A.B. asks: 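One structure coming up, written as structure tokens, with questions to follow.
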Amino acid sequence: MDRQPDSLPIFAELNGKSPYSLDPTTASREAEEEKWDLGWLVAVIRRRALLMAIVAVGTTTLAGGGLMLLTESTPSQYAGKFQLLVEPITAEEQLARSSTRAQGAYEPDAQRINIDQSSLDYESQIRILQGPKLLEPVVKQVRQRYPDITYETLTQNLKIARITTLTSDKREQGTKLINVSYQDSDPEKIKFILDRLSQTYLKYSLKERQSTIRRGIQFIDSQLPPLRQRVDLLQRQIQALRQQYTIVDPEQQGQQLTAAIGRLDQVEADNQTLMAETVAKRNTLARQLQNASPQSVLGETPYYQALLSQYQEVEAQIAADSTRFQPNSPAMQALLEKRQNLQNLLNQEASRVVSKANDSIAIANARRQAINQAQAEMNQRMQQLPAIARQYTDLQRELILATESLNKFATRQEALQIDAAQQEIPWELTIPPRLEVDEFGQPVPINSLSKIRFLALIAVLAVLLGVGAGFLVEITQDMLHTPDEVKRATHLPLLGVIPHNHSSSRAISIPVTEAFRSLSKNLRLLKQTHAPLRSITIASPEPGNGKSTIALYLAMTTAAMGQRVLLVDADLRRPQLHKRLQLPNQQGLSNLLLGEQDVNSVTQSLRFCENLTVLTSGRPPIDPVEMFTPDRVEQVFHKLHSMFDLVIVDTPPLLGLADSGLVAAQCDSLALVVRLGKTSRSSVLAALEELKFLATPVLGVIANDAPETSTQAQSYYSLVQPS
């Protein structure tokens, strides 16, 4: 039999969109693709493990051998080093922290800033240490003992670098240490050169430090007098400004002026109200006086009440005596004169009240003039205040800056004087000059360590190269090797996985038998879920995929389960079924299509499989495509559907041939056969493109010739051949 695959069948899950269209949902497809990616990687490594191992071992052997030959001819190299602390914590750094805190910085941040951000330019400092100014004297000293040394050879083997560390957040941070290393083939020469270098660098640092301190003190001494003069000048200018405008703080003065102007505005409003009331009252009194109504003018004043009482008594007396005396009698004349006098007194008192109201109006006018004058003065001072405030603010700001600069320079001067008095060496050796030695105190050649590192690197690169070669071969071959790869390439359900058959050509193993039973069961499940499955086309992208064998054993398995099955060989170009079953092929499908025979006369039953009937291809026509006209094929398959429970059709390959599509169009569904390890991904995709033009639903894919992954007991299902 054509070779077939292992593993259990994978049952298709229908999504309900169409009877036989099995598209998984997007979410489940993404989850499956993740699993397929990992599975594909593992499968590729298993398949290409030998190639990967050969490439890796060969690369390691060749490159490692070349490295060993190269290093054997190279003399041993030794290395030594010493370390310098170039930035000790001195009074100057303490001053920097104090200055930062004085400017309002938070103390932990100030300490971190001054420690992390060094004032020393390490790149420039390292270039100076490697420069001829410092190294030429060292070369002269070393040449007395080692004449072959030169400045070029010294700098070539000398390495100076700043030591760095990793912070808690995995960032690289520079330290205050400089590492100086030297390598050569002579350990004694290395030790001698490192001793001379360390002494030279320490002397240079002491000289440079003292020179820097002296220059710093001189610079500060030259800057202090102008700073003091500047502070004094600004203080005098602020004092003169305060005296000129009689202010202490322009901002406070502005607030006071604003409050005073507000109070004056309120007093003016109150005075205007009072004046209006007084004028109205004066006008009313004058009008009443003009109307000869002094009683209305006087109102309820006590003096008016007394006069009124006297006036009323005289009126009463006149009324009483008028009945007894004549109007010109002396008594009556006296009473009338007394009444007139009282009337005059009332008029005079009313005039005095009106005059008093006029006085109140004059007082209100005088108060208004005083208020207006005070407001004018306040407004004038308020208009001058912005210019005064700006001038005051500018002077105050300049005074603050000048005072801060003066304090900073004075503090720095004191710190430098203390540092100069101590005369301590700013650089010190944290690690003295020494060679790299082993546990026995013997110098360790650095090229031996490099050899081990290079060999390890070569091994790693060789493994990566081997893996890359394996994956490159896998990609260039473009073959489908596993059922998962088939699902991933086609995005179709996997109807069945037929394992590789290890038995003879006339018998199949138990795993293969179970695989066909699972395939038939999957098709029956589809039948139970949707419309009855009456016919199915077994097709493949290209020849040699095992579709004929799949069609034959699927038909036998389905028939053994009790269904009436017709197996049709529709491959009129290269028919195979009659050869496998050793049946005559004089009459068959071609005769049925031409109308020369009926169905019963061209079909053949198998004695060893009760429910299986075979329709061979018949005599091969000149042009098979002309045989599969729509009218002929539709009529024939209509008869076949009415006579059998299931019609299984074996067709030619899909790619490059038109007759397979014409036959498949008359069937209810189609199953695509893919042979693992032989069928390419591109051919499968091309076949699926061809099938898009057919109305026949594609049920899924049958993976053929899958390798068995477990050891199973083998038994045989023998085919009884017809006599």
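Computed from a prediction, not measured in an experiment: that's the story for all the values here.
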A.B. asks: Answer yes or no: is there a donor N or O on one side and an acceptor on the other, between the side chain of Q563 and the main chain of A559, under 3.5 Å?
C.D. replies: no
A.B. asks: Are L589 and V602 packed together at the side-chain level, in the sense that at least one heavy-atom pair is separated by less than 4.5 angstrom?
C.D. replies: no
A.B. asks: Name the one of L567, T549, L554, L552 that satisfies side-chain contact (heavy atoms from CB on, under 4.5 Å) with I538?
C.D. replies: L554
A.B. asks: List the residues meeting side chain to side chain contact (heavy atoms under 4.5 Å, CB included) with E690, not counting sequence neighbours, and say none if there are none.
C.D. replies: L655
A.B. asks: Supply the atom-to-atom distance E634 CD to F628 CZ, rounded to the nearest 0.5 angstrom.
C.D. replies: 15.0 Å
A.B. asks: Listed by chain and number, what are the side-chain hydrogen bond (donor to acceptor under 3.5 Å, both in side chains) partners of S601, not counting sequence neighbours?
C.D. replies: Q597, D598
A.B. asks: Using the test side-chain hydrogen bond (donor to acceptor under 3.5 Å, both in side chains), find all partners of T557 that sit at least two apart in sequence or belong to another chain.
C.D. replies: none
A.B. asks: Side chains of Q83 and I163: closer than 4.5 Å at any heavy-atom pair?
C.D. replies: yes
A.B. asks: Please answer whether the main-chain N or O of R564 pairs with a side-chain N or O of D645 as donor and acceptor at a distance below 3.5 Å.
C.D. replies: yes
A.B. asks: Can you establish whether the number of heavy atoms outside E610 located under 6.0 Å from its atom CD is more than 12?
C.D. replies: no
A.B. asks: So do the side chains of D569 and L615 get within less than 4.5 Å of each other, counting heavy atoms only?
C.D. replies: no
A.B. asks: Quick one: does H491's side chain have a donor or acceptor within less than 3.5 Å of a partner on A489's backbone?
C.D. replies: no
A.B. asks: Look up atom CD in Q173 and atom CZ in R171, then write down how far apart they are to the nearest 0.5 Å.
C.D. replies: 8.5 Å
A.B. asks: Could you walk me through whether T167 and D169 pass the side-chain hydrogen bond (donor to acceptor under 3.5 Å, both in side chains) check?
C.D. replies: CA-CA 5 Å; T167 60; D169 54 355; 2.2 Å; yes
A.B. asks: Return the CG to CZ distance between N545 and R675, rounded to the nearest 0.5 Å.
C.D. replies: 7.0 Å
A.B. asks: Taking side-chain contact (heavy atoms from CB on, under 4.5 Å) as the criterion, tell me which of T537, I536, L533 meets it with D668.
C.D. replies: L533
A.B. asks: Measuring only between side-chain heavy atoms, which start at C-beta, is V663 closer than 4.5 Å to F637?
C.D. replies: yes
A.B. asks: If you define the side chain from C-beta out and look only at heavy atoms, does anything of R162 sit under 4.5 Å from E123?
C.D. replies: no
A.B. asks: Using modelled atom types and a 3.5 Å cut-off, is there a donor and acceptor pairing between side-chain atoms of N704 and backbone atoms of V674?
C.D. replies: no
A.B. asks: Taking the side chain as every heavy atom from C-beta outward, state whether M627 and L572 have any pair of such atoms under 4.5 Å apart.
C.D. replies: yes
A.B. asks: Which of these passes side-chain contact (heavy atoms from CB on, under 4.5 Å) with Q635: H638, K639, R632?
C.D. replies: K639
A.B. asks: Are the charged groups of D571 and R573 less than 4.0 angstrom apart, N to O?
C.D. replies: no
A.B. asks: Verify side-chain hydrogen bond (donor to acceptor under 3.5 Å, both in side chains) between S520 and T558, making sure each step is shown before the conclusion.
C.D. replies: CA-CA 6 Å; S520 178; T558 306; 3.1 Å; yes
A.B. asks: Mind checking what makes side chain to side chain contact (heavy atoms under 4.5 Å, CB included) contact with T613, not counting sequence neighbours?
C.D. replies: L566, T603, S605, F644
A.B. asks: Shortest non-hydrogen contact from V633 to L662?
C.D. replies: CG1-O, 4.3 Å
A.B. asks: Enter the distance from R517:CZ to M561:CE here, rounded to the nearest 0.5 Å.
C.D. replies: 6.5 Å
A.B. asks: Hey, what do you get for CE (M479) to OG1 (T679), rounding to the nearest 0.5 Å?
C.D. replies: 8.0 Å
A.B. asks: Going by the rule side-chain hydrogen bond (donor to acceptor under 3.5 Å, both in side chains), which residues pair with H641 if we only count those two or more places apart in sequence or in a different chain?
C.D. replies: S535
A.B. asks: Between the main-chain N or O of S680 and the side-chain N or O of S683, is there a donor-acceptor pair closer than 3.5 Å?
C.D. replies: yes
A.B. asks: Going by side-chain hydrogen bond (donor to acceptor under 3.5 Å, both in side chains), name the residues that satisfy it together with N600, two or more places apart in sequence or in a different chain.
C.D. replies: none
A.B. asks: Would you check if there is a donor-acceptor pair between the side chains of E172 and T164 at a distance under 3.5 Å?
C.D. replies: yes
A.B. asks: Which side-chain N or O atoms in residues 646-654 pair as donor and acceptor under 3.5 Å with protein atoms at least two apart or in another chain?
C.D. replies:
unit_1: D650; atom_1: OD1; unit_2: K547; atom_2: NZ; d: 3.0
unit_1: D650; atom_1: OD2; unit_2: S548; atom_2: OG; d: 2.7

A.B. asks: The criterion is side chain to side chain contact (heavy atoms under 4.5 Å, CB included); which residues satisfy it with P584, sequence neighbours excluded?
C.D. replies: Q586, Q604
A.B. asks: Side chains of V614 and L581, heavy atoms from C-beta outward: is any pair under 4.5 Å?
C.D. replies: yes
A.B. asks: Listed by chain and number, what are the side chain to side chain contact (heavy atoms under 4.5 Å, CB included) partners of K159, not counting sequence neighbours?
C.D. replies: S181
A.B. asks: Could you give all pairs that pass the side chain to side chain donor-acceptor pair (under 3.5 Å) test and reach residues 691-701, with sequence neighbours left out?
C.D. replies: E689-K692
A.B. asks: Listing request: all side chain to side chain donor-acceptor pair (under 3.5 Å) pairs with a residue in residues 615-631, at least two apart in sequence or in separate chains.
C.D. replies: N585-T616, N585-S617
A.B. asks: Under 3.5 Å, side chain of S540 to main-chain N/O of E542, donor-acceptor pair present?
C.D. replies: yes
A.B. asks: Using every non-hydrogen atom in the two residues, find where N591 and G588 come nearest and quote the distance to one decimal.
C.D. replies: OD1-N, 2.9 Å
A.B. asks: Are any of the side-chain heavy atoms of L699 and L670 separated by less than 4.5 Å?
C.D. replies: no
